[in-house]
Number of protein chains: 2
Amino acid sequence: MARRSDHSREQLYTLALGAAERIVEADGLHRLTARNVADAIGYSPGTLYNVFENLDDLILHLNAHTLDLLFETLSQAPVTGAPDRDIDTLLDGYLEFLLGHPGLWAALFEYVRPDGAGLPDWYQLKIARVLGLLEAALAPLFGKAETDQLTHAARVLWAGLHGIYALEAGGKLDVVGNDTFRDMAKTLTRTFLAGLRHGAREAGHE
Amino acid sequence: MARRSDHSREQLYTLALGAAERIVEADGLHRLTARNVADAIGYSPGTLYNVFENLDDLILHLNAHTLDLLFETLSQAPVTGAPDRDIDTLLDGYLEFLLGHPGLWAALFEYVRPDGAGLPDWYQLKIARVLGLLEAALAPLFGKAETDQLTHAARVLWAGLHGIYALEAGGKLDVVGNDTFRDMAKTLTRTFLAGLRHGAREAGHE
DNA sequence: ACCTGAACACCGTTCAAGT
DNA sequence: ACCTGAACACCGTTCAAGT
């Protein structure tokens, strides 16, 4: 039997991602299976393969959506031109988002691409968009001709924050207390900013 | 049929970990299956469950072994008392180790504990041992009464380095060039050290 | 006591068959 | 054209049966 067409392709896409989001947030990425998602939306597993290439593709779109949500949240923060203030604002938004969607956030980084397949361009753009916010906040610390150093610094800070989250969330630092992630993130940003101001960049100048 | 006893329990443990190491290094953690390991050592899957609690337990022991190897490598580096020099030495050793064992290193962080199960104490100790080397290198920057700030700083730096590796290895930064990981790691350590020296720690003083 | 291998309850993915 | 559900080739884990 077949041919229900209760939903359009777009509706199926939205339904599936919504169900995936709920499963990941409730039980983690390892419970996200094709059969689970199909069950949740009342279709057979095979139907998912009409909408997504495979399960990896579904996860990629789920993660892309998470990046969109983060960008929307962070882009509402005002930019004052004072790096310490602006970075602090971004950091607060980042922390709030990630603590509010722990499952989705974990999935974003837990997911490993099959083989050595890189991430597609449309996905890389979503990352670049978030990094752009960091760059805007750090920009006053750099000269106009130092855009390379600026993007470099933004990436290092972004990666560093992710590292703290990853180790903390994975219990891979024998950490006591609940606000340690926040503390470490603050230490990283504050120390990194102080370092950017003082002497660490001489090598970058001409 | 049964009762071969070709190997002792200890020999089985070593054989299994060795096979696991080869599989992970060659094909990645996702190819590490009980049947794969069993095949490689010429036993049935069931036998593994005499030696390890389950596959998670096997991976945990594999990762513990990786941490041991890293500690052995890094602890041979001389400590001069000059933080910039010593951190640089450690960083070089870290980079060399990780580029020499990319599969094992990826497995160390890719592996996510089931449920919210924390890591056992004997494993945490292996992490602490590595962190201790970082602390020793950073120690001259801190006063004798600032051991809390010292361990905090060492953890932040360790986590930050991991973040850079994780994003780079996962292709999650649209990075060009081959030595970018090294560049970013150098930027992080240099900037972080400069920040520790200048002003960023006022809040930590009494 | 140790090991086997069949069995159970799952996977991702494909595809002939149906409407 | 779209969807199904059975099928294929896998999983982790258990455990009665054998020596």
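A note on names: the letters A, B, ... follow the listed sequences, proteins ahead of strands, and every chain is numbered from 1.
Here the side chain of B:Arg155 pairs no donor or acceptor atom with the backbone of B:Leu131 at under 3.5 angstrom.
OP1 or OP2 of C:dT4 sits under 4.0 Å from a side-chain N or O of B:Thr47.
Using bins of under 30°, 30° to 60° and over 60° for the plane-to-plane angle, the ring pair A:Phe109/A:Trp158 lands in the tilted bin. Ring orientation note: the planes of B:Phe97 and B:Trp105 are nearly perpendicular, at an angle over 60° on the 30°/60° scale.
The CG-C1' distance, from A:Asn54 to C:dT13, rounds to 9 Å in whole Å. Nucleotide C:dC2 holds its P atom 13 Å from the CD atom of B:Gln11, rounded to whole Å. In this entry the distance linking CG of A:Asp57 with P of C:dG12 reads 14 Å, nearest Å. In this entry the distance linking CD1 of B:Ile59 with P of D:dG12 reads 9 Å, nearest Å. In this structure, OH of A:Tyr43 is placed 20 Å from C1' of C:dT13, rounded to the nearest angstrom. Atom CZ in A:Arg31 sits roughly 16 Å away from atom P in C:dA9 (whole-Å rounding). The distance from atom CG of B:Asp39 to atom C1' of D:dC10 is 13 Å, rounded to the nearest whole Å. The separation between B:Leu55 atom CG and D:dT13 atom C1' is 10 Å, rounded to whole Å.
Using a 4.0 Å heavy-atom criterion, one finds that B:Thr33 contacts the sugar-phosphate atoms exclusively. Note on B:Leu48: nothing from the nucleic acid sits closer than 4.0 angstrom, heavy atoms only.
Listed nucleotides: D:dC3, C:dC3, C:dT13. Nearest to the side chain of A:Leu12: D:dC3. Among the nucleotides C:dC3, C:dT13, C:dC11, the one closest to the side chain of A:Pro45 is C:dT13.
Nucleotide D:dT19 forms a Watson-Crick or G-U wobble pair with C:dA1, both donor-acceptor distances falling under 3.5 Å. Across all strands shown, D:dT13 pairs with C:dA7; the Watson-Crick or G-U wobble distances both stay below 3.5 Å.
Nearest-nucleotide positions on DNA chain D place A:Asn50 closer to the 5' end than the other of A:Arg35 and A:Asn50.
Atom CD of A:Glu96 sits in a sparse spot, with 12 or fewer heavy atoms from other residues, nucleotides or ligands closer than 6.0 Å.
Look at B:Asp88 and B:Lys186 and you find a salt bridge, because one of the NZ, NE, NH1 or NH2 atoms lies within 4.0 Å of a carboxylate O, short of that distance.
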